[in-house]
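Below is one structure, written out as structure tokens; the observations come after it.
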Amino acid sequence: MLERMTFKDPRAGAVARLAALAADETRAACLLALLDGRAWTAGELARHCGVAASTLSEHLGKLVGGGLLAEERQGRHRYVRLADARVAQLVEDLAAHIAPDAAEPPRGLRQSGANSAMARGRTCYDHLAGRLGIAVTDALTARGLLRQDTGFALTDAGLDWFGALGADLGRRGRRPLARACLDWTERRPHLAGAAGAALCRHLLDQGWCVRIGSSRAVQVTGAGERALTDLLGIDTATLR
């Protein structure tokens, strides 16, 4: 009788180790917080996660060692951030697979308000998400600037639109120009990739969007409402 032969995928061990890095609530909280695209000090993350600095330091060591975070030191301060856009995509994709009723309910009015602000508009690492991100994506598609039928791709008109806007697409390296990112609150894809990053950066630089406190939430300003209406015909009432 022939013995059945099995072949284990050589990537299995690496995938298991990667999954184990996120399989801890404190480390998951760090990754989600760092989706704002900024560098945080270890102390800021410890307070955010509600753990002791010594405990968080152990977790950060594992995340840095596993390649999910990058760190740098300035004087006595230790800063950490997501290693790159691929890590941000991985974290956001994991969050998008969580059923809405599986998340913990907000604790009090303050957290409820923060959740509403995040759902209205936020940054997803370096691009726009929430209702704002979806509204921009839909408007770009409706105007023939973005295609979604065969995956996300800017049209020639879309390339010209970004050029006229003055938003640098930074088409260097291997990062895709346009990519679909599943929005975990809207359950629909929004624009990511170099184009998504360029548009988010432009809106913030122009003061059309501003960050709300130290969170990922962003708010469209009065000037931003007028600009988005003029440029993309977006009904700004949906962004309030």
Side-chain angles (χ1 to χ4, degrees), residues 21-22 27-49 56 59-60 63-64 66-74 77-96 114-115 117-137 152 162 165 167-186 189-221 224 239:
L21 285 173
R27 292 198 290 273
C30 289
L31 294 171
L32 288 167
L34 291 167
L35 275 175
D36 68 357
R38 294 177 287 187
W40 289 47
T41 67
E44 288 170 338
L45 278 174
R47 289 189 293 274
H48 176 81
C49 297
L56 187 83
H59 288 299
L60 292 183
L63 291 170
V64 171
L68 294 182
L69 298 186
E71 69 174 337
E72 55 186 68
R73 293 184 181 272
Q74 290 186 7
H77 293 295
R78 178 192 189 189
Y79 289 87
V80 292
R81 54 179 172 76
L82 295 183
D84 53 36
R86 293 182 303 168
V87 174
Q89 179 183 349
L90 174 64
V91 176
E92 187 75 7
D93 286 348
L94 284 173
N115 290 352
M118 287 275 284
R120 185 167 53 248
R122 65 184 181 275
T123 55
C124 173
Y125 188 55
D126 61 359
H127 57 271
L128 298 171
R131 292 202 301 274
L132 172 59
I134 293 296
V136 169
T137 301
F152 273 32
F162 272 87
L165 186 65
D168 181 16
L169 290 173
R171 289 190 284 176
R172 296 172 291 276
R174 291 179 292 180
R175 187 178 189 185
L177 184 58
R179 178 180 66 80
C181 180
L182 182 61
D183 196 291
W184 62 266
T185 52
E186 295 298 305
H190 57 243
L191 175 64
L199 189 55
C200 178
R201 186 168 57 249
H202 189 77
L203 264 63
L204 290 170
D205 288 347
Q206 295 297 315
W208 296 344
C209 282
V210 293
R211 295 187 182 275
I212 302 176
S214 60
S215 74
R216 293 167 54 197
V218 296
Q219 184 176 24
V220 179
T221 64
L239 307 178

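What you see is a predicted model, and the numbers here were worked out from it, not measured in a lab.
Residues W40 and H48 meet the side-chain proximity criterion, which asks for heavy atoms closer than 4.5 Å. L169 has its side chain within reach of L177: a pair of non-hydrogen atoms, C-beta onward, lies under 4.5 Å apart. In this structure, R179 and Q89 have side chains that are in contact, with non-hydrogen atoms separated by less than 4.5 Å.
Not counting sequence neighbours, the partners of D84 by the side-chain contact (heavy atoms from CB on, under 4.5 Å) test are R86, V87. Looking at residues two or more places apart in sequence or on another chain, you find a side-chain contact (heavy atoms from CB on, under 4.5 Å) between A39 and Y79, R81.
Contact record, V220 with C209: CG2-SG, 4.0 Å, taken as the closest heavy-atom pair. Residue A22 comes nearest to L31 through the heavy atom pair CB-CD1, 4.4 Å, listed as atom of the first residue, atom of the second, then distance. When all heavy atoms are compared, the tightest approach of P189 to F152 is CB-CZ, 4.0 Å. C30 and L63 make their closest contact through CB-CD1, 4.3 Å (heavy atoms, listed as atom of the first residue, atom of the second, distance). Of all non-hydrogen atoms in A42 and L60, the two that sit nearest each other are CB-CD1, 3.8 Å. In plain terms, the two heavy atoms of L35 and A88 that are nearest each other are CD2-O, 3.7 Å.
Considering CG of L165 and CG of L203, their distance stands at 8.0 Å, rounded to 0.5 Å. Atom CZ in R27 sits 10.5 Å away from atom CG in L69 (nearest 0.5 Å). Between atom CG of residue L34 and atom CG of residue L82 there is a gap of 5.0 Å, rounded to the nearest 0.5 Å. Within the model, atoms CD of E186 and OG1 of T137 stand 10.5 Å from one another, a figure rounded to the nearest 0.5 Å.
With respect to R78, the salt bridge (Lys or Arg N to Asp or Glu O under 4.0 Å) criterion is satisfied by exactly one of E72, E44, E71: E71. Only one option out of D36, I212, L132 pairs with V218 in a side-chain contact (heavy atoms from CB on, under 4.5 Å); it is L132. For the side-chain hydrogen bond (donor to acceptor under 3.5 Å, both in side chains) with T185, the lone residue among R131, R122, R120 that qualifies is R122.
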Name each donor-acceptor pair under 3.5 Å that joins a side chain in residues 190-201 to protein atoms two or more places apart or in another chain, with its distance.
| residue | atom | partner | partner atom | Å |
| --- | --- | --- | --- | --- |
| H190 | ND1 | D183 | OD2 | 2.9 |
| H190 | NE2 | H127 | NE2 | 3.1 |
| R201 | NH2 | D168 | O | 3.1 |

Would you sort out whether W184 and E92 count as a side-chain contact (heavy atoms from CB on, under 4.5 Å), showing the intermediate values?
CA-CA 7 Å; W184 62 266; E92 187 75 7; 2.8 Å; yes
